[in-house]
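One structure is given here, and the rest of the page talks about it.
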Number of protein chains: 4
Amino acid sequence: MNTVDDSARRRELRTAAARLFRKVGYPQATVRDIAKAVGMQSGSIFYYFKTKEDILVDVMNEGMRQFLEAARVPMDDAVHPRMKLRTLLVRHLMTLHQRNNDELAVVLSEWRSLSPRARRQIVAQRDEVEAVWNRVLRELADARLISGDIAILRLAILGAANWSVQWYDKKGKLSIDELADQLLDLFVPISARTAS
Amino acid sequence: MNTVDDSARRRELRTAAARLFRKVGYPQATVRDIAKAVGMQSGSIFYYFKTKEDILVDVMNEGMRQFLEAARVPMDDAVHPRMKLRTLLVRHLMTLHQRNNDELAVVLSEWRSLSPRARRQIVAQRDEVEAVWNRVLRELADARLISGDIAILRLAILGAANWSVQWYDKKGKLSIDELADQLLDLFVPISARTAS
Amino acid sequence: MNTVDDSARRRELRTAAARLFRKVGYPQATVRDIAKAVGMQSGSIFYYFKTKEDILVDVMNEGMRQFLEAARVPMDDAVHPRMKLRTLLVRHLMTLHQRNNDELAVVLSEWRSLSPRARRQIVAQRDEVEAVWNRVLRELADARLISGDIAILRLAILGAANWSVQWYDKKGKLSIDELADQLLDLFVPISARTAS
Amino acid sequence: MNTVDDSARRRELRTAAARLFRKVGYPQATVRDIAKAVGMQSGSIFYYFKTKEDILVDVMNEGMRQFLEAARVPMDDAVHPRMKLRTLLVRHLMTLHQRNNDELAVVLSEWRSLSPRARRQIVAQRDEVEAVWNRVLRELADARLISGDIAILRLAILGAANWSVQWYDKKGKLSIDELADQLLDLFVPISARTAS
DNA sequence: AATGAATGAGGTTTCATTCAT
DNA sequence: CATGAATGAAACCTCATTCAT
């Protein structure tokens with residue numbers, strides 16, 4: 001990460017862009033808006049990013065990096081598979097609802113604005129995250145704790161979790177741990193809850 | 001519904017617009033694209049719609065109308081509340097995954113593109129749908145079949161259901177009934193399933 | 001040539017563009033300038049041309065078409081080869097110095113501004129013109145009226161002729177016929193002038 | 001020629017600029033391109049040149065200086081006028097086709113990019129060159145070796161010679177001496193070649 | 001002597017919209 | 001009903017230029 005690739009100013013721009021992209025959407029957020037948000041002229045943006053889409057790619061890469069970081073937790077083999085899934089879920093939801101985490105919301109909503117080339121790059125990272133979830137779900141299936149297609153189950157769990165970005169309010173009554181447990185109960189039925 | 005308000009041509013335009021809005025997003029779908037999809041020139045669109053946003057409003061109104069239609073099912077008071085919720089859920093998911101039902105996908109993804117004025121109008125309809133769900137959830141709460149904040153529960157259920165628009169494939173193994181039951185089990189725990 | 005490909009307005013734009021390209025050069029001629037020259041707004045240009053480069057391509061195609069027209073004169077086999085060359089030269093110079101023939105000047109000076117793709121297309125037309133000249137020069141060589149490399153000779157003749165665009169004034173003393181004869185004498189020496 | 005006016009670095013910049021101006025044209029050559037060619041940042045250029053146009057003026061001055069140097073050869077009055085013209089022509093062509101002599105090509109092609117003020121300065125130098133040619137052509141006319149308007153003849157000779165910049169390849173078969181002789185024969189007809 | 005950061009004017013292009021026909 | 005032509009505001013982006021360091 002040299003000065004241009006991840007300078008403080010570039011980070012500042014990425015953050016401001018993420019907030020705007022989340023708020024009004026990537027296509028409606030103008031380069032001028034982003035520049036104004038950090039007190040720049042619009043032309044100056046292009047000292048840091050080659051194109052507007054590059055800003056989006058940078059935002060989404062950062063978002064994906066955080067998702068990956070949440071998924072890449074070292075887990076003791078001895079831990080019960082259901083507990084492993086719970087850990088993944090809690091870390092995923094925590095990452096999602098941290099303060100000002102606009103990058104993650106953008107990852108979930110703006111993939112349509114990516115060029116095919118950039119999309120491939122982001123999808124590759126998403127696949128990495130899903131591979132981690134698949135591994136844990138495979139363990140649960142091997143232990144007969146879940147049944148059915150693992151892929152669909154993964155989509156359902158991550159989908160339900162990700163949708164919370166649209167309504168979950170971390171100042172509300174429901175804690176992230178509680179939300180995680182509720183979702184867990186849905187997909188890994190209670191009767192399976194033995195040694196957690 | 002006079003000739004101008006809902007002529008065959010106008011419906012044709014709305015359908016084409018919905019498909020485009022879903023595929024590339026409202027801001028990226030140009031009036032020219034929509035016109036070309038029905039074999040028109042872009043200028044002709046404005047004989048049917050005053051502005052581009054009016055097309056979006058029309059699409060979303062139609063989407064909301066369908067959601068409302070799904071929610072407004074006459075239900076015998078004698079029916080078990082859990083069964084009532086199941087009926088709502090099945091009808092909601094059916095509506096969502098019918099063929100070419102792009103209006104609904106647009107309702108879920110493009111509310112950011114509405115002006116405040118139009119948004120208020122759409123939100124009013126959404127509130128109507130939610131009121132129906134709230135009534136049924138209230139019955140479930142009164143019968144001690146669920147606990148917690150009804151609003152949050154409603155958001156969670158509808159959220160999980162709506163997210164399926166991003167992954168559910170009606171040609172796949174999972175039937176809509178099965179999906180409904182899985183979701184139902186999540187939010188109205190199995191132990192509560194007594195007299196359904 | 002349908003309405004959009006060669007409408008009066010499109011021709012008008014091409015003519016105005018050619019004049020500007022010749023006067024200030026393609027890169028310095030702005031789309032706004034061209035539009036203003038025909039009393040339009042800059043945005044309107046793009047109803048007729050997809051890009052600014054397309055205007056240049058259109059201008060150069062028209063220029064090349066005229067060069068080709070000048071070269072494609074039916075010639076009786078019995079005519080003396082030197083006379084054939086003179087005909088080519090006169091027609092070429094006439095075409096070059098007709099009134100307002102800015103397209104031709106642009107062909108000669110703006111090839112650097114073409115993208116590789118467009119350049120290939122223009123070069124193909126130029127090759128057609130050169131083929132005609134080569135044929136006549138071949139006849140002269142076969143009749144021992146000239147010696148040396150035909151390609152270099154062609155370049156020298158056309159070069160000297162084309163350079164005249166930078167200085168020849170048709171209102172001056174030198175007529176185009178006289179200019180043609182002077183050039184002819186240079187490359188097909190006088191001693192060879194027998195039956196012309 | 002103090003340190004700022006003709007330092008090694010400044011010469012390096014001029015050379016790099018000349019190459020770029022020739023290759024892509026002055027308007028398309030960016031200051032960044034020029035800077036990169038000598039391993040500088042674009043801002044640093046302005047330590048050596050006040051404006052981008054000043055670079056062009058410097059390049060063209062250098063080009064003109066070389067043309068003048070070619071023209072300013074001391075010539076014995078006793079030499080035959082036709083031989084004097086040949087000397088001018090050979091030196092002119094040699095100067096034109098020396099290795100990396102991009103300044104000269106730029107002189108011939110980029111005069112349109114000069115401001116009126118700068119143009120006047122360059123034109124003044126060009127006039128000096130032309131004066132030398134005129135003097136020799138006058139001698140030829142006085143000796144009845146040529147006829148017609150001297151100015152037009154000069155334009156034709158220099159034009160044909162200068163056009164060679166677009167096609168002459170010094171690695172090809174035609175030597176510069178041969179080219180000079182061919183051109184000479186054109187404008188000072190063979191029959192006049194008596195005492196050379 | 002040189003740089004890195006930033007400017008701001010201006011370029012090409014897009015696109016919703018208008019309107020005479 | 002529908003079109004073809006045109007608009008004009010605003011978008012993204014470029015680039016010569018400045019200036020503190």
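Order of the sequence lines fixes the chain letters, A, B, ..., with proteins taken first and strands second; residue numbering starts at 1 for each chain. Being a predicted model, the structure only gives us computed values, none of them experimental.
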What is the distance from [atom1] of [X] to [atom2] of [N], rounded to the nearest Å?
X       : N      : atom1 : atom2 : value
B:Arg10 : F:dC1  : CZ    : P     : 13 Å
B:Gln28 : E:dT13 : CD    : C1'   : 17 Å
A:Gln41 : F:dT14 : CD    : P     : 17 Å
C:Tyr26 : E:dG11 : OH    : C1'   : 11 Å
B:Leu20 : E:dC15 : CG    : P     : 13 Å
A:Asp54 : F:dT14 : CG    : P     : 11 Å
A:Ile45 : F:dT14 : CD1   : C1'   : 15 Å
B:Lys36 : F:dG4  : NZ    : P     : 14 Å

Quick one: does A:Ser109's side chain have a donor or acceptor within less than 3.5 Å of a partner on A:Ala105's backbone?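 Yes, A:Ser109 side chain to A:Ala105 backbone: donor-acceptor pair under 3.5 Å.
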So does C:Arg11 get a backbone contact from the side chain of C:Thr15, meaning a donor-acceptor N/O pair under 3.5 Å?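 Yes.
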Starting at the 5' end of DNA chain E, what dot-bracket string do you get if Watson-Crick and G-U pairs under 3.5 Å are bracketed, crossing pairs use [ ], other-strand pairs use | and unpaired bases use dots? .||||||||||||||||||||
Hey, could you give me each pair passing salt bridge (Lys or Arg N to Asp or Glu O under 4.0 Å) that has a residue in residues 114-124 of chain D? Not counting sequence neighbours.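 For residues 114-124 of chain D, and leaving out neighbouring residues, there are no salt bridge (Lys or Arg N to Asp or Glu O under 4.0 Å) pairs at all.
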Pairs where residues 28-50 of chain A contributes a residue and the test salt bridge (Lys or Arg N to Asp or Glu O under 4.0 Å) is met, not counting sequence neighbours: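 Listed once each, the pairs would be none.
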Closest listed nucleotide, where the reference is the side chain of C:Thr30 and the choices are F:dC1, E:dG11, F:dA11: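 Minimum distance to the C:Thr30 side chain belongs to E:dG11.
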Contact nearer the 5' end of DNA chain E, comparing D:Met40 with A:Met40: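 Whichever sits nearer the 5' end wins; that is D:Met40.
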Salt bridge (charged side-chain N to carboxylate O under 4.0 Å, His left out) involving C:Arg112 - partner list, sequence neighbours excluded: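 C:Arg112 satisfies salt bridge (charged side-chain N to carboxylate O under 4.0 Å, His left out) with D:Glu110 once adjacent residues are dropped.
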Which residues satisfy the salt bridge (charged side-chain N to carboxylate O under 4.0 Å, His left out) test with C:Glu53, sequence neighbours excluded?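 So C:Glu53 forms no salt bridge (charged side-chain N to carboxylate O under 4.0 Å, His left out) with any residue.
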Between A:Tyr47 and E:dA5, does any side-chain N or O lie under 4.0 Å from OP1 or OP2?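 It does, given that an N or O in the side chain of A:Tyr47 lies less than 4.0 Å from OP1 or OP2 of E:dA5.
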Qualifying side-chain hydrogen bond (donor to acceptor under 3.5 Å, both in side chains) pairs with a residue from residues 16-26 of chain C, counting only residues at least two apart or across chains: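 Non-adjacent pairs meeting side-chain hydrogen bond (donor to acceptor under 3.5 Å, both in side chains): C:Arg22-C:Asp102.
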Under the side-chain hydrogen bond (donor to acceptor under 3.5 Å, both in side chains) test, which residues partner C:Gln166, sequence neighbours left out?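 For C:Gln166 there are no side-chain hydrogen bond (donor to acceptor under 3.5 Å, both in side chains) partners, ignoring immediate neighbours.
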With D:Gln121, which residues qualify under side-chain hydrogen bond (donor to acceptor under 3.5 Å, both in side chains), at least two apart?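 By the side-chain hydrogen bond (donor to acceptor under 3.5 Å, both in side chains) rule, D:Gln121 matches D:Asn61.
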Look for any protein N or O under 3.5 Å of an N or O in nucleotides 17-21 of chain F and output each such pair with its distance, or none.
residue: F:dT17; atom: OP2; partner: D:Lys52; partner atom: N; Å: 2.6

Please classify the nucleic acid contact of B:Ala29 as base, sugar-phosphate, or nothing, using heavy-atom distances under 4.0 Å.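 Here B:Ala29 touches the backbone only, sparing every base.
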